[in-house]
Structure formats: C-alpha cells, structure tokens
Undergrad: 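My structure is below; once you've seen it, I'll send some questions.
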Amino acid sequence: MAEEKKPAAKRKPRKTAPRKKPAASKTSAKPAAAPKADAAPGGYNFAAMNPADIEALDHMSRNLMQAALKSQKLMSDSMRKALDGKVEMPDTQSINTTPELGQVWAKIVSDPEKMMQAQAGLLTGYLDLWTNTSKRFLAGDSEPVVSPDPGDKRWRSEDWSENPVFDAIKQSYLLNQNFLMGLVHGVEGVDPAIKRKVEFLTKQMVDALAPTNFALTNPDVIRETMQSKGENLTKGLANLASDLEKGGGRLALTQTDMEGFKVGVDLAATEGKVVFRNEILELIQYAPTTDTVKARPLLIAPPWINKFYIMDMRPKNSMVRWLTQQGFTVFLISWVNPGPELRDKSFQDYIEQGLFAAIDQVKEATGEDSVNTVGYCIGGTMLASALALLEARGESSKIASATFFAAQTDFELAGDLLLFVDDAWFNEINRLMEAQGGVLDGRTMSDTFNLLRSNDLVWSFVVSNYLLGRQPQAFDLLYWNADQTRMPQKLHLWYLDNMYRKNRLARKEIEMDGLTLDLTKVKTPVFMQASRDDHIAPYPSVYRGARLFGGPVRYMLAGSGHIAGVINHPGANKYQHWVNKDLPETVEQWLDGATEVPGSWWEEWRDWLYERSGEDIPARKPGDGKLKPICDAPGEYVLVRS
C-alpha cells in the first residue's frame with residue numbers, strides 16, 4: 001500500500017547573500033590583460049596560433065566550404081531529377097505503407113496498459129543509463145544498461161565502449177530501438193502479414209536513424225574529419241555524386257571496385273568448354289582433374305537472378321573445381337542475361353529450353369541414360385517443378401538424383417521476401433518491367449536483397465563511402481553480388497505470383513501441358529541443404545519443402561547464410577553442419593535429433609552422390625563425345641553486364 005503523502009511545508013523566503021569581492025591572486029596582483037585588438041569574438045587570440053595551426057584551420061575551412069557547396073548542388077540536382085518523374089524509377093507513392101503503419105500503431109495506443117509498461121521500462125532504462133554514465137565519469141567504470149547483439153558490426157570501434165559520451169549515445173539508441181521494436185512485436189489483433197510488414201519497415205527506420213550513420217555522432221567520422229582536415233567529407237560527396245550519376249538520379253550504392261576482377265581470369269576461371277548454346281543458356285562442361293571419373297555426370301542449375309560463378313569463384317573456394325577433383329564430370333548451366341526480346345519467356349520455357357535441353361545434351365555428350373542434378377535457390381524451385389513434370393510424363397528416369405541448395409518448394413514460411421509481393425509491390429514491379437522494356441533490371445533485385453541486411457549491405461557502405469570518403473575495395477563476393485542479371489517479365493511475375501503469393505506448387509495447383517505438378521509423387525532421391533542464418537530461404541521453410549517429396553529425402557543444415565552456408569570449401573575449416581537421416585514432422589524435432597559436425601558439409605554430400613554415380617570410368621574431356629566445343633569457359637553469356 002502506498003504511503004500517505006504529507007502536505008508540503010511552507011518555504012521561508014531565502015535571503016540573498018551579499019556578493020564577495022574575488023580574492024587577489026597570491027602569485028600576481030595584476031589584473032587580467034584585456035584581449036588584443038586582433039582577438040576573435042569571445043577573447044580567442046588567433047594571432048597566438050602558429051603557422052601550422054593556421055594552415056590546418058584554413059585547409060579544413062576550405063574543405064568544409066567545398067563540401068557545403070557540393071552538397072547544395074547535389075541536393076538541387078537530385079530534386080530536379082526526382083521532379084522529372086522518370087517512369088523507370090520506383091514509384092514510392094504506389095507502395096505507400098502509411099495505412100499499415102497507422103493500423104498497427106492504432107492498436108498499440110489503444111492498449112494503454114501495455115503502452116504505460118513499455119514507457120515505464122524505457123524511463124527506467126534512461127534513469128539507469130544516466131546513473132551509470134555519471135558513475136563512469138566519476139569512478140571510471142560501470143556496467144552497461146543495454147548491449148548490442150554480438151554480431152552487430154556497427155559498434156566495432158573502441159570509442160563506442162571506451163568513451164563514456166559515445167557509449168551513452170549508443171545505449172540511448174539501443175534503448176529506443178528496443179522500445180519501438182518491442183511495441184510493434186507485441187501488438188495483438190493485427191493480421192500477421194501486416195504485422196510482419198510493419199516490423200520490417202520499423203526496423204528499416206530504426207536502422208537508418210542509428211548514430212553510426214551521422215557524422216556528428218560517429219567517432220570514426222569525427223576522427224577522420226580532424227585528421228584529414230575535412231577531406232573525407234569532400235571525397236564522400238564526390239562518391240555520392242558519382243553513385244547518383246551512375247544510377248541516373250537513383251542511388252546506385254557502390255559496394256566494391258568493379259574493375260578489381262575480370263570474369264574468366266580472376267573469377268570463373270576453372271578450365272572447361274561451352275558445348276551447347278541456345279537463346280536462354282550456355283552449357284559448360286568442365287575439364288577433368290582426375291584420371292577416372294564417376295560414370296553418371298552431374299548437372300548444376302544455378303539461379304538465373306545471379307551469375308553462375310558464385311559456384312566458381314577463386315580456386316581456393318570454387319565448388320566446381322572441387323567437384324572435378326572428387327572425380328565427377330561436371331556440367332553447368334550459364335543463363336543468358338535477357339533483354340526485351342525475351343520478355344515473354346515463361347517458367348515452363350526455362351524448364352523445357354533450359355533444364356530439359358541441358359539434360360538431353362549432357363546425355364548426348366556422355367552416353368549416359370540419366371544424370372545427377374543440382375538446383376540452387378530459384379534454380380532449385382525450377383528443378384523440383386521439373387521433377388514433378390517428368391513424373392507426370394512418365395520420364396522420371398532422366399534424373400537419377402536431385403540436390404537442392406537453399407531452395408524452397410513450400411513458400412508458407414518464406415521470410416521477409418514475402419513483404420515484397422503484396423498487391424502494391426506486385427503492381428509496381430509489373431509497372432517497372434513495362435517501363436524497362438519487359439525485363440526487371442538487376443539493380444531492383446539487388447536493392448531488394450540489400451534491404452534484407454541493410455546494416456551490412458547498405459548503411460556500412462554509406463558510412464564508409466560518403467562519411468569517411470573511402471573508395472570501396474575489391475572483394476570477390478561483393479563483385480559477384482553487384483554483377484546482377486535482368487529477368488523476363490512473364491517468367492518473373494509468374495514466379496512471384498504462383499510461388500510466393502499463392503504457394504501453388506506446395507498445394508498441387510500448378511499445371512503444365514494439362515498435367516498437375518505433384519511433388520508427393522516424386523520418388524527421385526533428394527539431398528536438401530539449408531543454412532541456419534539464411535534470410536532468403538529460411539531453413540524452416542526449406543524443411544517444409546523437403547517433406548513434400550514422396551521419395552527418400554536427406555535434409556542437412558549448414559552454418560552461416562544463403563551464400564557462405566553453401567559455398568564453404570572443406571579446406572577453409574569454417575562453420576559447421578548438422579546431420580540427421582530422419583525426417584520427422586517438424587524441423588524442431590529434426591534439430592533435437594541432429595548431430596553437429598565441425599566444418600564443411602561438402603564431403604557429406606559427396607559421399608551421398610558417390611552412392612548414386614555408378615562405377616569409375618576413364619575421365620571425359622570436353623569434346624570427347626558428340627558435343628563439340630563452341631568456346632572456352634566461362635562462355636559469353638556470363639560476360640554480359642546489366
């Protein structure tokens with residue numbers, strides 16, 4: 001029970017003490033000297049500065065003035081281009097999310113008890129932060145009130161923990177972040193899809209407002225500004241102007257030095273030949289590196305939303321090169337980078353003219369009756385659909401086994417990408433494709449994927465490029481990430497609508513040539529790889545898809561994400577993977593029975609493939625069979641830039 005409050009006592013009027021004259025200094029009885037005539041307002045004497053200080057101040061002043069003038073011009077140019085209203089630029093009005101935000105926040109404020117609890121928690125956090133910060137100034141040490149996630153790279157600078165001021169700024173931001181995200185996450189009575197969308201948008205706004213993204217609250221930027229005398233800001237504005245110019249008024253954020261690598265020399269350099277080509281693919285056969293190979297060849301279908309060489313980067317981490325060293329005859333599809341002339345190519349066209357055409361050519365080149373196949377990401381979704389189509393046609397024997405890397409066949413739990421396929425976004429993508437001649441430019445897809453990891457793939461580069469004024473360094477993975485491809489309008493819209501929006505493959509609602517695609521009838525052996533931290537194909541979603549197949553399925557979970565979880569050479573000794581030969585009803589049950597194994601999962605998969613690859617035979621060289629080489633790997637299609 002609360003204590004009864006006593007009435008406040010009346011205060012007596014306080015007497016004003018007479019002012020005492022300051023005591024004379026014991027060391028000098030002379031009054032302070034008046035400022036010289038050339039002293040600055042406030043009494044600072046610039047005449048006392050040495051020439052080096054004056055030169056440094058002048059240099060910084062000029063740089064800051066130049067930065068101010070450049071920023072004004074940059075702002076006016078950007079506004080002018082925005083007002084021009086280019087039709088190929090994203091229309092933010094058509095995808096306005098204000099109604100969803102309003103709906104969620106109306107629910108939040110309609111629950112005053114939860115709101116007061118959240119506000120009380122925030123106030124308590126701030127009081128604790130103030131107390132601990134004061135204690136730190138006085139005693140030199142105190143425990144933090146709130147700490148960032150261990151993997152949050154924004155706070156790597158020592159100043160964020162060692163400097164009391166910046167530590168307080170960091171913790172203040174984290175308190176606000178947790179307050180806002182907690183309110184949205186805890187809201188009830190809202191459609192789950194709307195709640196997920198608002199959570200994503202709130203996180204984007206919170207991330208954008210981080211103190212690391214502003215010059216005056218980022219200790220690294222302040223230090224660089226002082227040391228470079230402001231040159232970092234002028235260089236940063238030059239970088240920003242260059243990126244805006246490159247994007248035609250739309251920010252094309254530079255993540256790496258695009259002149260730092262050459263495809264076919266530094267990347268995608270594994271020896272091989274293009275042995276077949278049609279309008280949507282080139283088929284590469286790689287040269288053997290062993291005296292004998294397994295009889296059954298291996299065909300890889302990468303995603304067409306990226307270039308294939310993620311699987312053939314540098315020699316030390318090339319999956320293609322490693323597979324040839326394990327005694328496989330490796331074939332790989334290199335998809336065309338389509339222009340408007342291919343706008344009407346469909347999902348079925350990519351199956352028929354792409355995967356099936358490649359299978360027929362591999363059989364022709366090797367004389368084998370069937371092939372082992374691999375599908376990565378969207379290439380895996382296509383492979384699963386193709387398996388169901390072959391089963392319906394009675395031709396399932398063409399594929400002896402199917403391996404899936406980070407591929408989804410059930411999109412019920414497809415993660416944050418589901419946010420980009422609602423009606424507003426879907427219509428906007430269609431409009432953009434029409435404006436771009438019937439294809440979706442690679443930058444749009446790149447921007448979408450970057451938003452899924454905005455702190456790592458957007459804001460870190462904003463700070464480095466524009467505030468610190470640094471030039472991006474050559475990095476092979478980011479080079480590949482920026483080397484995007486276009487997508488045909490008909491194919492892409494069909495895929496978004498039937499897979500992400502309606503989940504029709506999992507529901508047995510897709511028909512091709514009058515045949516229903518039913519994965520439960522597929523008896524082909526399946527190896528299904530997923531990654532623990534995959535933000536594009538979340539492992540629970542991949543697991544749901546694994547249980548759709550009617551034949552034997554081996555599900556395996558790797559450490560890391562969508563790329564590093566797949567491309568993890570055994571020689572790197574990185575990450576880990578989990579194995580469990582059972583396939584229980586839920587992924588949680590699978591994890592309970594799984595065994596953690598250090599390092600790469602490639603050898604586990606290789607042994608699984610060996611069991612389905614036949615006897616050893618003399619190694620095949622490209623051109624030995626009925627298919628003759630057209631050109632050297634990596635071919636011509638992969639060299640086409642968007």
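All figures in this text were calculated on a predicted structure; none of them were measured in a lab.
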Undergrad: Between S460 and N455, do the side chains contain a donor N or O and an acceptor N or O under 3.5 Å apart?
TA: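 There is no such pair between these side chains.
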Undergrad: Mark yes or no for whether T329, through its side chain, and P297, through its backbone, hold a donor-acceptor pair below 3.5 Å.
TA: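 No, T329 side chain to P297 backbone: no donor-acceptor pair under 3.5 Å.
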Undergrad: Is it the case that the side chain of D518 and the backbone of T520 share a donor-acceptor pair, with hydrogens and angles ignored and the cut-off at 3.5 Å?
TA: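 Yes, because the side chain of D518 sits within donor-acceptor range (under 3.5 Å) of the backbone of T520.
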Undergrad: Would you say the rings of F331 and Y286 are close, in the sense that their centroids are separated by under 6.0 Å?
TA: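 No, ring centres 6.0 Å or more apart.
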Undergrad: State, without any angle test, whether E509 and N498 hold a side-chain donor-acceptor pair at a distance under 3.5 Å.
TA: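 Result is no, nothing qualifies.
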Undergrad: How far does CG of L281 sit from CD of Q361, to the nearest 0.5 angstrom?
TA: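 Rounded to the nearest 0.5 Å, the CG-CD separation comes to 9.0 Å.
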Undergrad: Run the side chain to side chain contact (heavy atoms under 4.5 Å, CB included) test on L517 and K508 for me, step by step, so that the C-alpha distance in whole Å, both residues' side-chain angles and the decisive distance to 0.1 Å come before the verdict.
TA: CA-CA 6 Å; L517 303 189; K508 308 175 189 177; over 6 Å; no
Undergrad: Taking the basic N atoms (NZ, or NE/NH1/NH2) and the acidic carboxylate oxygens, is any pair closer than 4.0 Å for D360 and K398?
TA: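 Yes.
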Undergrad: Could you check, using the six-membered ring where one of them is a Trp, whether F420 and F449 have ring centers closer than 6.0 angstrom?
TA: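 No; F449 has its ring centre 6.0 Å or more from that of F420.
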Undergrad: Go through the side-chain N and O atoms of Q408 and S541 and say whether any donor and acceptor fall under 3.5 Å apart.
TA: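 S541 and Q408 do have a side-chain donor-acceptor pair below 3.5 Å.
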Undergrad: Answer with yes or no whether the side chains of T444 and D441 bring together a donor and an acceptor at under 3.5 Å.
TA: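 D441 vs T444: donor-acceptor pair found between side chains.
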Undergrad: Are F308 and W480 close enough that their ring centres sit under 6.0 Å apart?
TA: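 No, the ring centres sit 6.0 Å or more apart.
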Undergrad: Looking at every non-hydrogen atom in both residues, tell me the closest pair between L355 and A301 and how far apart they are.
TA: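 Here L355 and A301 meet closest at CD1-CB, 4.3 Å.
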Undergrad: Please walk me through it: do Q353 and K345 pass side chain to side chain contact (heavy atoms under 4.5 Å, CB included)?
TA: CA-CA 10 Å; Q353 295 179 248; K345 288 295 178 185; 2.8 Å; yes
Undergrad: Run the side chain to side chain contact (heavy atoms under 4.5 Å, CB included) check on R507 and E412 step by step: do they pass?
TA: CA-CA 10 Å; R507 295 171 181 169; E412 187 71 26; 3.6 Å; yes
Undergrad: Is a donor from one side chain sitting under 3.5 angstrom from an acceptor on the other, for Y376 and N306?
TA: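 There is no such pair (donor and acceptor under 3.5 Å, judged by atom type) between the side chains of Y376 and N306.
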Undergrad: Would you say the ring centroid of W601 lies under 6.0 angstrom from that of F405?
TA: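 Between F405 and W601, which both carry aromatic rings, the centre distance is below 6.0 Å.
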Undergrad: Under 3.5 Å, is there a donor-acceptor pair between the side chain of D534 and the main chain of Y539?
TA: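 Not confirmed, D534 side chain does not pair with Y539 backbone.
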Undergrad: Does a salt bridge link R641 with D483, judged by any charged N lying under 4.0 Å from a carboxylate O?
TA: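 So R641 pairs with D483 through a salt bridge.
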Undergrad: Would R393 and E352 pass as an ion pair if we require N to O under 4.0 Å?
TA: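 Answer for the salt bridge query: yes.
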Undergrad: Thinking salt bridges, do E282 and K273 make one under a 4.0 Å N-O criterion?
TA: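 No, no charged N to carboxylate O under 4.0 Å.
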Undergrad: Judged by modelled atom types alone, do N317 and H569 share a side-chain donor-acceptor pair under 3.5 Å?
TA: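 Judged by distance alone, the side chains do not pair up.
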Undergrad: Would you say the side-chain atoms of K307 pair up with the backbone N or O of V640, donor to acceptor, closer than 3.5 Å?
TA: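 Yes; judged by distance alone, with no hydrogens or angles, the pair exists.
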Undergrad: So, R504 and E511, do they make that salt bridge, N to O below 4.0 Å?
TA: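 No.
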Undergrad: Please determine if R296 and E368 form a salt bridge, counting it only when a charged side-chain N lies under 4.0 Å from a carboxylate O.
TA: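 No, no charged N to carboxylate O under 4.0 Å.
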Undergrad: For atom NZ of K262, is the number of surrounding heavy atoms from other residues, nucleotides or ligands below 6.0 Å larger than 12?
TA: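 No, not enclosed.
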Undergrad: Taking only Lys NZ, Arg NE, NH1 and NH2, and the carboxylate oxygens of Asp or Glu, determine whether D423 and R501 approach each other closer than 4.0 Å.
TA: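 Judged by the 4.0 Å cut-off on N to carboxylate O distance, D423 and R501 do form a salt bridge.
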Undergrad: Do N372 and S613 have side-chain atoms, one donor and one acceptor, less than 3.5 Å apart?
TA: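 Side chains of N372 and S613: pair found under 3.5 Å.
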Undergrad: Looking at D624 and K621, does any basic side-chain N land under 4.0 Å from a carboxylate oxygen?
TA: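 No, this pair does not count.
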Undergrad: Going by an N to O cut-off under 4.0 Å, is there a salt bridge joining D191 and K195?
TA: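 No salt bridge links D191 with K195.
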Undergrad: Judged by atom type as modelled, is there a donor-acceptor pair below 3.5 Å linking the side chain of Q529 to the main-chain atoms of Y555?
TA: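 Checked: no pair found.
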Undergrad: Are F404 and F549, when compared by the centres of their aromatic rings, separated by less than 6.0 Å?
TA: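 F404 vs F549: aromatic centres under 6.0 Å.
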Undergrad: Is it true that E428 and R431 make a salt bridge, defined as a side-chain N closer than 4.0 Å to a carboxylate O?
TA: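 Yes, charged N to carboxylate O under 4.0 Å.
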Undergrad: For T485 and N337, indicate whether the former's side chain and the latter's backbone hold a donor-acceptor pair under 3.5 Å.
TA: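 Judged by distance alone, no pair lies under 3.5 Å.
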Undergrad: To the nearest 0.5 angstrom, please state how far the CD atom of E100 sits from the CD atom of Q103.
TA: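 The CD atom of E100 sits 7.5 Å away from the CD atom of Q103.
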Undergrad: Is a side-chain N or O of S454 found less than 3.5 angstrom from the main chain of N450, in a donor-acceptor match?
TA: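 Judged by distance alone, no pair lies under 3.5 Å.
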Undergrad: With a cut-off of 6.0 Å (strictly less than), are more than 12 heavy atoms of other residues, nucleotides or ligands near CD of E271?
TA: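 Counting neighbours around CD of E271, 12 or fewer heavy atoms of other residues, nucleotides or ligands fall under 6.0 Å, so no.
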Undergrad: Quick one: does D312's side chain have a donor or acceptor within less than 3.5 Å of a partner on S318's backbone?
TA: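 Side chain of D312 to backbone of S318, a donor-acceptor pair under 3.5 Å: no, none is there.
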Undergrad: Give the intermediate values and the outcome of side chain to side chain contact (heavy atoms under 4.5 Å, CB included) for residues V330 and Q285.
TA: CA-CA 6 Å; V330 180; Q285 179 180 355; over 6 Å; no
Undergrad: Just by distance, do the side chain of S346 and the backbone of D349 share a donor-acceptor pair under 3.5 Å?
TA: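 Yes, because the side chain of S346 sits within donor-acceptor range (under 3.5 Å) of the backbone of D349.
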Undergrad: Counting the benzene-type ring for Trp, do Y350 and W304 have ring centres under 6.0 Å apart?
TA: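 Ring-ring flag for Y350/W304: true, centres closer than 6.0 Å.
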Undergrad: Check this for me: K626, atom NZ, are more than 12 non-hydrogen atoms of other residues, nucleotides or ligands nearer than 6.0 Å?
TA: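 Counting neighbours around NZ of K626, 12 or fewer heavy atoms of other residues, nucleotides or ligands fall under 6.0 Å, so no.
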Undergrad: Quick one: do R314 and D266 make a salt bridge, cutoff under 4.0 Å?
TA: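 No.
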Undergrad: Rounded to the nearest 0.5 Å, what's the gap from OG on S396 to CG on L390? Could you check?
TA: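 Rounded to the nearest 0.5 Å, the OG-CG separation comes out at 7.5 Å.
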Undergrad: Taking the side chain from D476 and the backbone from F261, do they hold a donor-acceptor pair closer than 3.5 Å?
TA: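 Judged by distance alone, no pair lies under 3.5 Å.
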Undergrad: Is it the case that the side chains of N465 and Q255 hold a donor-acceptor pair, with the cut-off being a distance below 3.5 Å and no angle test?
TA: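 The criterion, which ignores hydrogens and geometry beyond distance, is not satisfied for N465 and Q255.
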Undergrad: Answer yes when R547 and D410 have at least one side-chain N-carboxylate O distance shorter than 4.0 Å, and no when they do not.
TA: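 No, this pair does not count.
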Undergrad: Would you mind telling me which of V462, L240, V458 makes a side-chain contact (heavy atoms from CB on, under 4.5 Å) with L251?
TA: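 So, applying the side-chain contact (heavy atoms from CB on, under 4.5 Å) to L251 and each of V462, L240, V458, only L240 qualifies.
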